[in-house]
Structure formats: structure tokens, C-alpha cells
Amino acid sequence: MSKILISPNSTKIIQKSLKIVDGYVVGIKDYSINYPSFSLEEILKIIEFCNQNNKEIYVVLNINIHNKELENIKNILSKLNNINGLFYYDTAIIGLKEKLNLKYDLVWDQEHQVTNYLTINNYYELGIKKVHLSSDITLKEMNEIKENTKSQIIVTAFGYLPMFASQRHLIKNYLDKFNLIDSSRFNYMSKEGIDYKIIDNELGTQVYTDSIFSMLDELNNIKADYILLNSYLIDDFEYVLDNLNNVENINSKYKTKPYFKEVETIYKVK
Amino acid sequence: MTELLAPAGDLERLKIALLYGADAVYIGGSLYGLRANATNFTIDEIKEGVKFAHNLNKKVYVTVNIVLHNKEIKNLKDYLKQLDNCGVDAIIVSDLSIIIEAKKHTNLEIHLSTQASTLNIEAARFYKKLGVKRIVLAREMTYEEIKEIRKNVDIDIECFIHGAMCASYSGRCVLSNFLTNRDANRGGCAQICRWDFKLLDENKNVIEGEKDFTFCSKDLSMIEHIKEMIDLGIKSFKIEGRMRSVYYIATVVKCYRKAIDNYYKGIYDVSNYKKILNQVANRDSIVQFFDGNSDYNCNYYNGRVEVSNQDFLGMVIDYKDGIATIEQRNYFKKGDKVIFFGPNLDEMEYTLNEIYSDGELIDIVRHPKQVVTIKLPFKVSANDMMKIKVD
């Protein structure tokens, strides 16, 4: 049976879920996207709390890293003791782990690139023994990966899925170009009646799926070491925690979609 | 000396790119490339292309830069060995497995694709340790950032200098996957970044600008920064566009060839090349991130009105005794003011007078690839091109 991790959007959620989950995944403010984030001070407290309560704790640092950020990142990485792993995107982190002699595991979390067992096994040989699978592959592919690797596999089973990340400030650019004003916390970009959440913040622009993805009805069929439920952009995540034994309620309330769970992408159209 | 690296979607474009001044070309094979719907090269065509290039002391790189899924693992080793046997000079990769498999089973030189989004010193060092010989840097790099990597990591650097830009960090966009089911990381990108959308506020009210919301970026053009880029010690200048036309490739390659050669002669004025490059473009272009700027001037809000360039009229296929044999590529007619140019021919203007088809005088050349002859008062060569004169 897979362990359950959640990515909480508040310490209240952490408190509420303590008895039902095995661990937490928290983003570092200004250094992570696609996960709820906390300041480093808050994260250090969360780490302490998890250690005291025998819960696993993972921290996310998944931005594309520029040279000017390296020094700050080294400081942050050095302060993260007693965590079960760091979800990373930029390969700079691999070198920094060695340089700083960090004791915690790295979790390969390159979103749309964690898609096959050969590469996962090659990372395993480099010492990276946990991976967070892409949600762009089918459940069948995910299970095939688990059958062919020694790595520990984390699969997202609930949450908005990231579709796009850019350094550009695409909403700001549009507003500036046409002298428009908008103070929304987030926006939507709409095409043919489908609205996609889009956020323009200090880290650039990110775009998410129109609906929440759910594989909660497949928990018995997912061959993963960990299942991740991500609360990012979901204000009433408590409802999810209260209904984990009745996933139909969750899927119905949020009108979730299975996206690529059974549908494989194509790439040749002729 | 800086390498000029051009894209080539097929054998014709490979030959043209090299003849017009590229030092190397990059191509896609039938597998594992990020332009799955381009013409791409069979193994036999790769061999022919490599032979052609090597006869000119030039190079061929093959893109093997997709993100692998499980089912692509099976044929990978054999494919890499085939490329090695073809004599290709390097492969361009992003997936770690392809680097490792290539190192294990072949003698192929490895270049790291821009798809790996290398932006910093530590990442560059990681890949160097893996045996990567050259890194194609992420397109978000500023001048200062490139300079820092050059200073701190002993590895060859390649930068894009011209062509289309992604809106996202490379590898972090799967809009195509979700909106069209076409996998952006395996060569099926449907360019959602160029679509128009309505922008809504958090209450789902439309924010109405003069034009619809889009991610569409202007193209990149570094023609005015060639001196700085050469001074930085960048090993290779990469032109984007394996799906671009033979005319586009010839024009862009020739301009950058001249600009690079002139740099080494101490000539830095590129105003003429800028004008020519603007003529073949189908979108506005700008320097993008190099000068630290990514504001709205980098975006393109004119909608998908990019019109196919009709300037290219014909390809010279032979010249003898004052008569040029020309294969039509777009409609042209008697009286048109045209320009001939080629690898060894700077622009020569001419007004079309007598045009012959099968020995008969004609006024209009309207059929695709129609072959005609024209008497010219100056010498041209096979592979020179004819374009319309634009005032």
C-alpha cells in the first residue's frame, strides 16, 4: 500500500491531517512553483514538527536557477537538516548536494521529464533514488516504471497539474502593452469556453489545468511508493481530507478529470 | 573561429546551408527528435548529408533530444549506433539516458540541447562531468550570465542567434499535450504559445485589450550583437528553424556568415544585413533576454497573420554561355525586378526580360518547379537564388 503525502497550503492543514497522512511536501517561498510555499522560517518549524510526530517531510526547490541565486540557495540547502528529501528541478542541485555534503535525499522532480524507467535508473546510479513521476504519462506507463526500477516512486493522485512555466511576465506584459489595470491574485486564460488558471508572480508565469486531476479512484491500482495530494490553488482542501474514504464525493465536488491516466499523447500527426 | 550552425530539414536545405556559409548543420533523424512532423532524414540521407558536409570540411549534428517514454527505450541503443556508423559529428541530446547510453555504446560527441535549460554554472559543471562536450545554453541567458559561465566552466558554449523563441523555460511547457494531445517533449508541439486567448480576472470577467491575450514571442535576432557574442568566446552560433524554407536558410546563413567574417576583418557595421533579415522574417524580431529585457516589447500581439514569404522566386540549377536555367519556386513574370544572390554572389539586380520555357518565349512562370531559361548579363552559379526586389 502506498504511503500518502500531501502538499498542504497551511499549517492548519498539517495539524488536521496528522493522523491520516504519512508525510508532507512543502515549497520554499520564492524558490518553488506549483506547490504551496512557506518561508524558510516556517519550513524549519514544520520540519521540527514532522520530526516530533514521525512524519516524513520533503521540501521543494524547483525553480530554474540563475547564477545570482546560487549563493542564497546554498545557504537554504545547508539549513535544511532532518528532511527526508528535497524535490529539485535544476541539475545544479545535484552538484550542490555533493559540494555541500548534504545528507538528505534528492527527489528528481523535473515535472514533464520524469517519464521512463531508463532515465530513472540512470539517476539511481548517480545516487538519486526517489523520483516524482510526470503526470503526462498513463497509469500503465507509471506502473511499468515501478516494475522496472529500484527507485522509490512518488505519483501525484490529486491536484491541479502544471502545464507551463516561463521566466516571462506574460500577464504583466499584456496589461502594460494595452494600458490595462488588474489586481487579481490570479487570472484565467480562456479558449472555447475552457478556463485555465494562470499566475504571474516574482518567478514568472505559470499555467495550470482547467480542472483538478484525480486518480483517487485508482489508489489500489497505482504501483507507487508514495501518493501525493497537492492542495496548491485549492482553497477548501479540508474537504478532500474529510472525504478521503469517499473519493466519489471528492471527484464529484471538484469535477475532476483523469487527463492522461488512460490517454497517451501522440507526436506524429502525419 | 566561431562556428555558424544552421538548421536543415532535408538534404536540399543541408546542402544549401553549407554552401551558403554554415560551418555545420543540425538535422533530425526519423526518431527521437523534437520536430517529429518535419521531413527529417532517413539513415541513408544522413550518410549522404555527412559525406557532403565532410567533403567541404564541415560538420553534421543530429538531434536526439526528446524526453523518452518507456516504449522509446527499446530502439535507442541501436539508433545511436547507427548514427555513430553514419559518421555524424555529434548528437544533440537532453535526456540524461541518451547521454549515458551514447557514452557507453558509441564514440559520438555529445552536445546538450537547450531543452535541458542550462542557466547556471553548477548545472554546466554537472553536464561537463558527464562527458558533455558542448552546451546549448537556455535562451533566457543575459550577456552577464553567459560571461559568468564562460569564465567559470571549461566547456564549449553554443547560443541561439536567430529565429523563433519559446515562451516557456524549455522542457516546462506541455500546453500542447493538454490542449491538443500532441506531446511537446517528443516532437509534437502544436505551438499553443501562438494561440489567442481571452484573459479573465479572478472573477472570470474579460480583461479586454486591443488584441487578444497570447504568449507569442517575437523572434530572436542577434545580428547587432555579433561582436559582443564573439568577444564572449561563444563557440557556436545557432540559427533556429529546421522547418524553415531553403530561401530563409540561405538568406539568414549568408547574412550571419558575412557578419562573422567581417568581424574578423575589423568591420562591425551590420545595418545592411539587418535589412535583409527583416525581409525574410514572418514576425518581428528582437534581442530578447541577452540585454536583460523581457518586457512586452518581446511579445507579439498581432495574431496569427504570419504570411508565407513569397519573395523567393527561383533556384538557379545551371548556368552556361550566359544562360541561366532556373527552377520556379513562386510565381514570377516578365518585367519583374529581381535580385540574384548566392554563396559567392552578392546581390545583383536585374529586370526580367526574355524568359524561355522549352525554347518558347513566355511572359509568366506560374507552375511550381517549372524550369525556364533566362539570358543574364552576369555570371550566376547552380544553387544561387532569385528573389523579388522589395523597395
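Protein chains get the first letters and strands the later ones, always in sequence-line order, with residue 1 at the start of each. As the structure is a computational prediction, the values presented were derived from the model and not from experiment.
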When rounded to the nearest 0.5 angstrom, what is the spacing between [atom1] in [X] and [atom2] in [Y]?
| X | Y | atom1 | atom2 | result |
| --- | --- | --- | --- | --- |
| Asn116(A) | Leu96(B) | CG | CG | 10.0 Å |
| Ile63(A) | Arg172(B) | CD1 | CZ | 9.0 Å |
| Tyr169(B) | Gln206(A) | OH | CD | 9.5 Å |
| Leu170(A) | Thr214(B) | CG | OG1 | 9.0 Å |
| Phe164(A) | Ile192(B) | CZ | CD1 | 11.5 Å |
| Leu200(B) | Ser184(A) | CG | OG | 9.5 Å |

Are side-chain N/O atoms of [X] and [Y] paired as donor and acceptor at under 3.5 Å?
| X | Y | result |
| --- | --- | --- |
| Asn181(B) | Thr265(A) | no |
| Asn173(A) | Asn299(B) | yes |
| Asn187(A) | Asp201(B) | no |
| Arg168(A) | Gln288(B) | yes |
| Ser166(A) | Ser168(B) | no |

For chain A, which of [options] has the most heavy-atom pairs under 4.5 Å?
| options | value |
| --- | --- |
| Ile207(B), Thr180(B), Val174(B) | Val174(B) |
| Ser217(B), Cys298(B), Ala116(B), Ala184(B) | Ser217(B) |
| Lys198(B), Glu202(B), Glu148(B), Glu144(B) | Glu202(B) |
| Cys193(B), Ser176(B), Ala124(B), Cys173(B) | Cys173(B) |
| Met141(B), Lys204(B), Gln115(B) | Lys204(B) |
| Ser94(B), Ala167(B), Ser294(B), Ser117(B) | Ala167(B) |

Segment of [X] engaging chain A (4.5 angstrom heavy-atom cut-off):
| X | answer |
| --- | --- |
| Asn177(B) | both |
| Ser170(B) | backbone |
| Arg186(B) | both |
| Asn152(B) | neither |
| Phe215(B) | both |
| Glu101(B) | side chain |
| Ile99(B) | neither |
| Cys166(B) | backbone |

Taking side chain as everything from C-beta outward and backbone as N, CA, C, O, which of these in [X] sits under 4.5 Å from a heavy atom of chain B? Side chain, backbone, both or neither.
| X | result |
| --- | --- |
| Tyr259(A) | side chain |
| Ile94(A) | side chain |
| Ile33(A) | side chain |
| Ile120(A) | neither |
| Asn67(A) | both |
| Asp182(A) | side chain |
| Ile181(A) | neither |
| Ile93(A) | neither |
| Thr205(A) | neither |
| Asn64(A) | both |
| Leu70(A) | side chain |
| Glu111(A) | side chain |
| Ile194(A) | neither |
| Leu180(A) | side chain |

How would you list, in number order, the residues of residues 63-72 of chain B that have a heavy atom less than 4.5 Å from chain A? Val67(B), Leu68(B), His69(B), Asn70(B), Lys71(B), Glu72(B)
Below 4.5 Å, heavy-atom pairs only: which of [options] has the largest tally toward chain B?
| options | answer |
| --- | --- |
| Val263(A), Asn148(A), Asp195(A) | Asp195(A) |
| Glu264(A), Lys197(A), Lys68(A) | Glu264(A) |
| His169(A), Arg185(A), Lys172(A) | Arg185(A) |

Could you check whether any side-chain heavy atom of [X] comes within less than 4.5 Å of a side-chain heavy atom of [Y], counting everything from C-beta outward?
| X | Y | result |
| --- | --- | --- |
| Asp183(B) | Ile266(A) | no |
| Asn185(B) | Thr115(A) | no |
| Ile100(B) | Tyr123(A) | no |
| Asp295(B) | Asp176(A) | no |

Do any of residues 99-110 of chain A come closer than 4.5 Å to chain B, heavy atom to heavy atom, and if so which ones, in number order?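 Residues Lys99(A) are the ones that qualify, each having a heavy atom under 4.5 Å from chain B.
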Heavy atom to heavy atom, less than 4.5 Å: which residues from residues 150-159 of chain A reach chain B?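 Listed by number, there are no contacting residues, so the answer is none.
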In this structure, is the centre-to-centre distance between the rings of [Y] and [X] below 6.0 Å?
| X | Y | answer |
| --- | --- | --- |
| Phe178(B) | Phe260(A) | yes |
| Tyr296(B) | Tyr174(A) | no |
| Phe197(B) | Tyr188(A) | no |

Does atom [atom1] ([X]) have a neighbourhood of more than 12 heavy atoms from anything else shown, all under 6.0 Å?
| X | atom1 | result |
| --- | --- | --- |
| Glu210(B) | CD | no |
| Asp236(A) | CG | yes |
| Lys74(A) | NZ | yes |
| Lys79(A) | NZ | no |

Please name all residues satisfying salt bridge (Lys or Arg N to Asp or Glu O under 4.0 Å) with Lys177(A), sequence neighbours left out, ordered by chain then number.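 So Lys177(A) forms no salt bridge (Lys or Arg N to Asp or Glu O under 4.0 Å) with any residue.
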State plainly whether the residues Lys129(B) and Glu98(A) are in salt-bridge range, i.e. N to O under 4.0 Å. yes
